[in-house]
> 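First the structure, which I've put down as structure tokens, then a few questions once you've had a look.
Here is the naming used below: chain letters follow the sequence lines, and residue numbers restart at 1 for every chain. These values consider heavy atoms only, across backbone and side chains, with no hydrogens, waters or symmetry-generated copies. Note that the structure is a prediction, hence the values are computed from the model and not measured.
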Amino acid sequence: MKILVFIKQVPDTEDVKLDPRTGNLQREGVKSILNPLDANAIECAMQLKARYGATVVAISMGPPQADAVLKKALALGCDESCLLSDRAFGGADTLATSYTLAKAAEKIGDYDLLLFGRHATDGDTAQTGPATAAWLGIPQITLATSLDVRDGWVVCTREIEDRIETVRAKLPTAVTVCDTINEPEYPTPKNIMKALKKPRYVWNAADLGADTRLTGIPGSPSSTKTVFEPPKGNTDTRYFEGSPAEIAVQFVDMLEREHAL
Amino acid sequence: MKENYSGIWIFAEQRQGVLNPVVFELLSKAQELKSVTDETITAVLLGSGVSGLADELIARGAERVLIAEHEALSVYSARPYQQALTQLVERYKPSILLYGATSQGRDLAPRMMVALQTGLTADAIDLGYDEDGVFFQATPAYGGKILAHIVILEKRPQMATVRPQIFDPLPPDSTRRGEIVTETVEVAGDGDYEVLACAPKPEGTQPIDRAALLVSGGRGIKHETDFAMLDELARLLHGQLASSRPPVDQGWLPHEKQIGQSGTTVKPAYILNVGISGSVQYQVGMQNAACIISINHNPDAPIFGISQYGVVADYRKVVPAIIAEICKRKA
Ligand SMILES: Cc1cc2nc3c(=O)[nH]c(=O)nc-3n(C[C@H](O)[C@H](O)[C@H](O)COP(=O)(O)OP(=O)(O)OC[C@H]3O[C@@H](n4cnc5c(N)ncnc54)[C@H](O)[C@@H]3O)c2cc1C
């Protein structure tokens, strides 16, 4: 079985701020990390590899420094990595990104399973996985909370809204996984050493045979016009004060006035 | 050419013949958008044996209902739905197409984006026209720390998934009139995707985004048993228990109870926050509640910034007193 895991380098959400002068995202001093949900996708691939045997290729589109997350993927047990890096890929929305990822999948070929984290913590769109499946013309299972492969089908549970669905899709297929699907492991020193010897590819648009009218900014119908911080609350708050019993009386009076009781 | 596209379309998501309430919210928002551009509002209904839902869509604000029925559309699956909807879009050329950011909407819309080669904004929390008359979609990024206005300048239709529980639906009005159009579509069944089983989630409780009142506990709740106390308060008020993320991470409550960016967005009439600081990720999930009440022993907790009512105190003293007071008045 050949599994492709698509991963992304994202800024650590805790650090994200806007530059008060320019109104743009402040990039300096912001740590870059592996998108947390992608660690679940990698772990999923590792469990399948342990159970059935598989070649696992980690793929990321990004600037050269995005190689850091691929190194981590190799240290977590992926067998090969592909960095898709080209100025022509910059500024991509999810349509252009998914096109580029699909071209990489086609170049690798013979894939059985494509794994994605449910969403990335930066753009938070959850669109790249299903869109990549659409470009490739293969089925998809989104929001998987468990995954297994049986007789050429991938079987997943999905916990959606008020129900739990069990679905199956024929390989090759794409699956986006939730963070509850497993507990990601940490790289061990031994695997970090091993990772140094694994094949690492870097591909540009020409290597992928990608049409650069469909990548990066030219291939992106949507664009960000402005970014800003959400307005801070400034509601006039009415406070209840006194002993607990006094507070309770005012509180329940309020509930009655508000018809909450 | 984008000039050839006009009209606002709402994807009328249904499951087992029941419309998702987000459809009504989107129809209501479409009325507001229409006040700017005067475009026709169309609800697009796909399924099998669902035409009876058209009247409900009209009563909720649709001016036209497009119905396409097919055996292969009886249970939702991405590819047949994508095929049917693509044919309708190509036939009618709407300028805007909106989906609820539900599991179904978020499964279907990205495939529509590729099929139609147009833009798709994810999980919008607002829609409107900016100073330049350009249609924008406001969407949170970086876990809600930042809001972005996304625009789709040249491609049509301009598409977005829109978060449920943001807009107020119009009350149903059976005197509204609308056109019902039945269309045929060619759809191949998807033999490569199959729903094997579907069961309600255990616990049997109502999902938190459907409750009128929520009592929500956070990291400030010291013991698992104190959640039983919050649950008792919720029951007395005919509401549901909910939480911020830490109690879920701790394993005290299931993920369905979590409000926020990586949980559920809620819009109850009342929410009572207990021992919750009010992080951005939490606030994006509940800031549209009609009445926000908070109990926190730290007077500087950001949650007070969006609360109509506040109590600065230790919940372990105040909550039992409130429960006692309610019981007294009910007796
Ligand atoms: C990508 C991402 C997604 C996230 N998604 C979510 C999400 O969906 N939902 C979510 O909630 N969080 C989410 N978070 C986490 C979020 O950043 C906060 O860490 C979290 O919301 C804090 O929860 P809290 O307010 O319960 O805890 P804290 O911030 O620790 O606040 C606890 C509060 O309890 C008060 N308190 C303590 N003891 C008492 C007492 N005895 N009586 C009264 N008050 C007391 C304290 O004063 C404090 O204000 C996310 C984070 C990231 C990075």
> Calculate, to the nearest 0.5 Å, the distance between atoms CD and NZ belonging to Gln137(B) and Lys225(A) respectively.
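Those atoms lie 11.5 Å apart.
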
> Is the count of non-hydrogen atoms from other residues, nucleotides or ligands lying under 6.0 Å from Arg329(B) atom CZ greater than 12?
yes

> Quick check for you: among Thr226(A), Thr224(A), Asp124(A), which has the greatest number of heavy-atom pairs under 4.5 Å with chain B?
Thr226(A)

> Given that the side chain runs from C-beta out, which part of Ile146(B) has a heavy atom under 4.5 Å from chain A: side chain, backbone, both or neither?
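Ile146(B) touches chain A through backbone and side-chain heavy atoms alike.
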
> So for Ile247(A), is it side chain, backbone, both, or neither that comes closer than 4.5 Å to the heavy atoms of chain B?
side chain

> Locate the shortest heavy-atom distance separating Ala248(A) from Glu325(B); write the atom from each residue and the value.
O-CG, 3.8 Å

> Taking Gln261(B), Gln287(B), Gln158(B) one by one, which has the highest count of heavy-atom pairs under 4.5 Å against chain A?
Gln261(B)

> Could you check whether atom CG of Asp132(B) has more than 12 heavy atoms from other residues, nucleotides or ligands sitting under 6.0 Å from it?
yes

> Chain A heavy atoms under 4.5 Å from Gln82(B): which part of the residue, side chain, backbone, both or neither?
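Interface part for Gln82(B): neither.
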
> Counting N and O atoms only, with roles assigned by atom type, does the side chain of Arg106(B) sit under 3.5 Å from a partner on the main chain of Thr125(A), one being a donor and the other an acceptor?
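At least one qualifying donor-acceptor pair exists.
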
> So which of Lys317(B), Lys155(B), Met113(B), Lys330(B) has the biggest tally of heavy-atom pairs under 4.5 Å with chain A?
Met113(B)

> Heavy atoms only: give me the nearest Pro244(A)-Ala321(B) pair and the separation to one decimal.
O-CB, 3.6 Å

> What is the ring orientation for Tyr309(B) with Phe240(A), classed by angle as parallel under 30°, tilted 30 to 60°, or perpendicular over 60°?
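Rings of Tyr309(B) and Phe240(A): parallel, as their planes differ by under 30°.
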
> Compare all side-chain heavy atoms of Tyr193(B) with those of Arg168(A) and state whether any distance is below 4.5 angstrom.
no

> Could you tell me which of Leu108(B), Leu213(B), Thr118(B), Thr139(B) has the largest number of non-hydrogen atom pairs under 4.5 Å with chain A?
Thr118(B)

> Identify which part of Ala133(A) has an atom lying under 4.5 Å from any heavy atom of chain B, answering side chain, backbone, both or neither.
both

> Determine, step by step, whether Leu147(B) and Val227(A) satisfy the side-chain contact (heavy atoms from CB on, under 4.5 Å) criterion, reporting the C-alpha distance in whole Å, the side-chain angles of both residues, the deciding distance to 0.1 Å, and the verdict.
CA-CA 6 Å; Leu147(B) 275 181; Val227(A) 289; over 6 Å; no

> Taking side chain as everything from C-beta outward and backbone as N, CA, C, O, which of these in Leu171(A) sits under 4.5 Å from a heavy atom of chain B? Side chain, backbone, both or neither.
neither

> Shortest non-hydrogen contact from Thr121(B) to Gln127(A)?
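The pair with the smallest heavy-atom distance is C-OE1, 3.7 Å.
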
> Roughly how far, to the nearest 0.5 Å, is the NE2 atom of His119(A) from the OG atom of Ser262(B)?
7.0 Å

> Below 4.5 Å from any heavy atom of chain A, which atoms of Arg210(B) appear? Answer side chain, backbone, both or neither.
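Looking at Arg210(B), nothing touches chain A.
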
> Looking at side-chain heavy atoms only, is the closest gap between Phe251(A) and Ile293(B) below 4.5 Å?
yes

> For a quick test of reading the model, state the closest non-hydrogen atom pair linking Val114(B) to Ser98(A) and the distance between them.
CG2-OG, 4.5 Å

> Below 4.5 Å, heavy-atom pairs only: which of Val154(A), Ile141(A), Ile138(A) has the largest tally toward chain B?
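If we count pairs closer than 4.5 Å to chain B, Ile138(A) comes out on top.
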
> As an exercise, state the distance from OG of Ser220(A) to CD1 of Ile152(B), rounded to the nearest 0.5 Å.
11.0 Å

> Which answer fits Leu143(A), side chain, backbone, both or neither, if we ask what part of it has an atom under 4.5 Å from a heavy atom of chain B?
side chain

> Does the Ser307(B) side chain pair with the main chain of Thr237(A), one donor and one acceptor, at a distance under 3.5 Å?
no

> Keeping Gln308(B) on the side-chain end and Asp236(A) on the backbone end, is there a donor-acceptor pair under 3.5 Å?
no

> Counting only non-hydrogen atoms closer than 4.5 Å, does Thr264(B) touch chain A with its backbone (N, CA, C, O), its side chain (CB onward), both, or neither?
neither

> What I'd like to find out is whether the side chain of Val151(B) reaches to under 4.5 Å of the side chain of Ser223(A), using heavy atoms alone.
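Yes - at least one pair of side-chain heavy atoms lies under 4.5 Å apart.
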
> So does Ala199(B) get a backbone contact from the side chain of Glu165(A), meaning a donor-acceptor N/O pair under 3.5 Å?
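Flag not set: sc Glu165(A) to bb Ala199(B) has no pair under 3.5 Å.
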
> Is there a side-chain contact between Glu161(A) and Ser103(B), using heavy atoms and a 4.5 Å cut-off?
yes

> If I measure from the heavy atoms of chain A, does Pro140(B) come under 4.5 Å with its side chain, its backbone, both, or neither?
backbone

> Does atom CZ of Arg257(A) have more than 12 heavy-atom neighbours from other groups under 6.0 Å away?
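More than 12 within 6.0 Å, yes.
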
> So which of Ala78(B), Ala197(B), Ser77(B), Gly119(B) has the biggest tally of heavy-atom pairs under 4.5 Å with chain A?
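The residue among Ala78(B), Ala197(B), Ser77(B), Gly119(B) with the greatest pair count is Ala197(B).
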
> Find out whether Glu194(B) and Val167(A) are in side-chain contact, i.e. whether some heavy atom of one side chain is under 4.5 Å from a heavy atom of the other.
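In short, these two side chains do not touch, never coming nearer than 4.5 Å.
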
> Do Gln140(A) and Arg79(B) have side-chain heavy atoms sitting under 4.5 Å apart?
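With C-beta onward as the side chain, the pair stays apart.
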
> Does the Arg111(B) side chain pair with the main chain of Trp135(A), one donor and one acceptor, at a distance under 3.5 Å?
no

> Looking only at heavy atoms and a cut-off of under 4.5 Å, which of Glu241(A), Gln250(A), Lys170(A) has the most pairs with chain B?
Lys170(A)

> Please examine the side chains of Arg158(A) and Asp107(B), heavy atoms only from C-beta on, and report whether any two atoms are closer than 4.5 Å.
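They are in contact (side-chain heavy atoms under 4.5 Å apart), so the answer is yes.
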
> Under 4.5 Å from any heavy atom of chain A, what part of Asp209(B) do you find: side chain, backbone, both or neither?
neither

> Over all heavy atoms of both residues, which pair between Pro110(B) and Ala131(A) is shortest? Give the atoms and the distance, please.
CB-N, 3.9 Å

> Under a 4.5 Å heavy-atom cutoff, which of Leu237(B), Ile292(B), Val318(B) has the most pairs with chain A?
Leu237(B)

> Enter the distance from Leu255(A):CG to Ile326(B):CD1 here, rounded to the nearest 0.5 Å.
6.0 Å

> Which pair of heavy atoms, one from Phe228(A) and one from His149(B), lies closest together, and at what distance?
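Scanning both residues, the minimum pair turns out to be CZ-NE2, 3.4 Å.
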
> Report which part of Ile323(B) has an atom under 4.5 Å of a heavy atom belonging to chain A: side chain, backbone, both, or neither.
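Ile323(B) has no heavy atom closer than 4.5 Å to chain A.
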
> Which of the residues Pro299(B), Gly310(B), Ala324(B) is involved in the greatest number of heavy-atom pairs with chain A at under 4.5 angstrom?
Gly310(B)

> A side-chain contact here means heavy atoms from C-beta on lying under 4.5 Å apart; do Tyr239(A) and Val312(B) qualify?
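A side-chain contact exists here, since the closest heavy-atom pair is under 4.5 Å.
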
> Are Asp162(A) and Arg15(B) within salt-bridge range, i.e. N to O under 4.0 Å?
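No, no charged N to carboxylate O under 4.0 Å.
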
> Using non-hydrogen atoms and a 4.5 Å limit, figure out which bit of Val155(A) sits close to chain B: side chain, backbone, both or neither.
side chain

